[in-house]
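Whatever order the structure lists them in is the order used to number ligands and atoms, beginning at 1.
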Amino acid sequence: MPVKPEIEARFEELKSIRQYLHSCPEVGLETVNTAAFVKKQLDGLGIGYEDIGVNSLLAKVEGTAPGVTVAFRADMDGLETCEETGLPYASQTCGRMHACGHDGHTATLLAFAGYLAQHRDFKGTVLLLFQSGEEGYGGALEVIKDGLFEKYSIDYMFGMHNWPPYGENQMIVHKGTAMASEDRFDLVIRGKSGHASVPHACNEPFAAVADFIKNAQSIVARRISAHDKGVISITQVHGGSAYNIIPDEVTIRGNVRTTDPRVQDLIEESLAQLAQGLEVTYGVKAAFTYHRKHPPVINSTPDMAIAAAARVVGQENVLTEELPAMGSEDYAFYMQKTKGCFVWIGNGTDSALIHNSKYDFNDKIILLGASLFAELLDEVLSAQP
Ligand SMILES: [Zn+2]
Ligand SMILES: [Zn+2]
């Protein structure tokens with residue numbers, strides 16, 4: 001098994017690090033104790049670091065000669081849910097849970113840090129980014145805003161995510177888009193309120209609401225090519241307060257996913273047109289706002305990752321034709337700034353899905369993920385002149 005023996009030798013210690021992190025999750029940008037714990041581990045390894053973003057930190061390992069700068073990223077935050085695994089190391093706080101495996105990602109990057117501490121004989125600089133607030137809190141943007149790409153000329157950046165229900169020895173590399181974009185929209189439709197018995201004297205907004213909801217789906221069916229992917233979901237409708245009052249205002253909210261920036265543009269434009277058309281058809285006011293939350297994760301160096309993954313799990317266990325996930329990842333912002341790849345590692349076919357209250361990270365990924373990072377570094381170094 002081509003897991004790095006130096007990493008495997010620390011498995012029991014790494015497992016207890018992961019399980020400790022699992023027991024005390026922190027949410028969003030408030031990863032204060034987690035960051036402090038990571039710093040203590042890095043101190044023990046003799047690796048320096050600096051604060052970056054909000055409660056994120058960047059460790060730096062200099063090689064023996066100048067050269068390429070390669071960054072690796074782990075997310076550190078948990079989710080606002082109550083754990084139901086019954087595990088001895090389960091979260092001690094109901095309402096906070098490592099239900100996405102970021103405890104495992106943090107332990108994996110620490111495992112790689114330990115490996116680097118023993119292998120500084122390379123040309124270049126390795127940066128290890130431990131990031132807060134991946135789960136919709138803008139952690140990556142805070143890191144970028146704090147000058148990551150101004151302070152360092154990063155040539156490559158890599159990341160990984162555990163992925164149920166793929167097998168625990170499988171690695172998934174997408175040749176292009178790995179994960180979808182996520183956008184959000186609000187539409188406030190304003191008509192004229194009045195007595196339910198005289199709709200002709202009012203301007204009830206619900207007909208416009210129904211029209212919008214129905215026709216939003218025809219954007220997916222009729223404006224997006226059958227070869228492209230797009231999801232539009234209406235997730236909230238708020239309006240009205242009584243059986244006998246026609247309200248003057250209804251708010252619709254929704255969520256959009258695509259794997260292609262061109263489709264993203266098309267959906268935004270089409271939804272805005274649909275909203276505008278309601279004003280003409282129904283005589284209402286339609287205030288539409290569209291917010292781009294995450295771009296798609298687009299892998300620019302899949303071949304490097306495929307080669308590195310094959311050395312760890314064998315070519316037959318590297319899947320390259322899997323569909324991208326329609327979920328999003330703020331790692332996408334880094335891929336707008338530099339080259340790199342985001343690899344999924346199977347969490348086991350019997351694993352609960354991520355974000356489920358019975359989910360747990362598969363500790364074997366620590367060995368596979370850290371070995372993958374070591375191989376990715378080799379892959380980059382061997383590509384240098
Ligand atoms: Zn998640
Ligand atoms: Zn996650």
Side-chain angles (χ1 to χ4, degrees), residues 18 21-22 24-31 34-35 38 53 55-56 72-85 91 95-110 129-143 157-166 168 170-174 177-184 231 233 235 255 257 293-297 299 322 324-335 340-348 351-363 365-366 368-370 372-373:
R18 199 288 288 184
L21 289 169
H22 190 87
C24 48
E26 294 176 293
V27 169
L29 297 170
E30 290 166 8
T31 53
T34 309
V38 169
N55 294 315
S56 294
F72 295 84
R73 175 271 211 164
D75 37 17
M76 299 193 289
D77 54 322
L79 284 154
E80 287 179 282
T81 188
C82 284
E83 180 159 354
E84 293 179 312
T85 60
S91 171
R96 285 175 182 209
M97 178 185 171
H98 268 299
C100 204
H102 299 185
D103 50 342
H105 304 165
T106 303
T108 300
L109 199 57
L110 281 171
L129 173 61
F130 296 87
Q131 184 208 302
S132 67
E134 190 286 320
E135 297 283 3
Y137 293 85
L141 283 177
E142 292 293 341
V143 168
M157 189 159 182
F158 298 101
M160 59 74 95
H161 204 292
N162 78 96
W163 212 267
Y166 286 102
E168 65 176 23
Q170 290 181 318
M171 293 194 182
I172 297 87
V173 182
H174 297 88
T177 304
M179 299 185 68
S181 59
E182 183 194 351
D183 299 339
R184 299 174 177 189
V231 177
S233 290
T235 51
N255 199 274
R257 310 279 171 142
K293 195 160 171 58
H294 291 152
V297 175
N299 290 334
E322 299 303 291
M326 295 311 283
S328 63
E329 240 289 343
D330 72 358
Y331 182 83
F333 290 111
Y334 303 126
M335 289 297 91
C341 199
F342 192 68
V343 179
W344 296 351
I345 304 182
N347 202 54
S351 165
L353 294 175
I354 47 175
H355 291 213
N356 181 290
S357 57
K358 294 206 163 59
Y359 165 87
D360 189 33
F361 181 84
N362 185 333
D363 287 311
I365 292 175
I366 300 172
L368 295 172
L372 172 74
F373 286 166

*Applying side-chain contact (heavy atoms from CB on, under 4.5 Å), run through H294 and M179 and close with a yes or a no.*
CA-CA 10 Å; H294 291 152; M179 299 185 68; over 6 Å; no
*Test log, rule salt bridge (Lys or Arg N to Asp or Glu O under 4.0 Å), inputs R96 and E80*: CA-CA 5 Å; R96 285 175 182 209; E80 287 179 282; over 6 Å; no
_side-chain contact (heavy atoms from CB on, under 4.5 Å), that's the test. Do Y331 and H161 meet it? Break it down for me._
CA-CA 10 Å; Y331 182 83; H161 204 292; over 6 Å; no
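Below 30°, between 30° and 60°, or above 60°: for W344 and H174 the angle between ring planes is above 60°, a perpendicular geometry.
Tally of protein N, O or S atoms closer to the Zn ion (ligand 2) than 2.8 Å: 3.
When each of T81, T85, N162 is checked for a side-chain hydrogen bond (donor to acceptor under 3.5 Å, both in side chains) with Y359, only N162 meets the rule.
Side chain to side chain, H105 and D75 meet the donor-acceptor criterion of an N or O pair below 3.5 Å.
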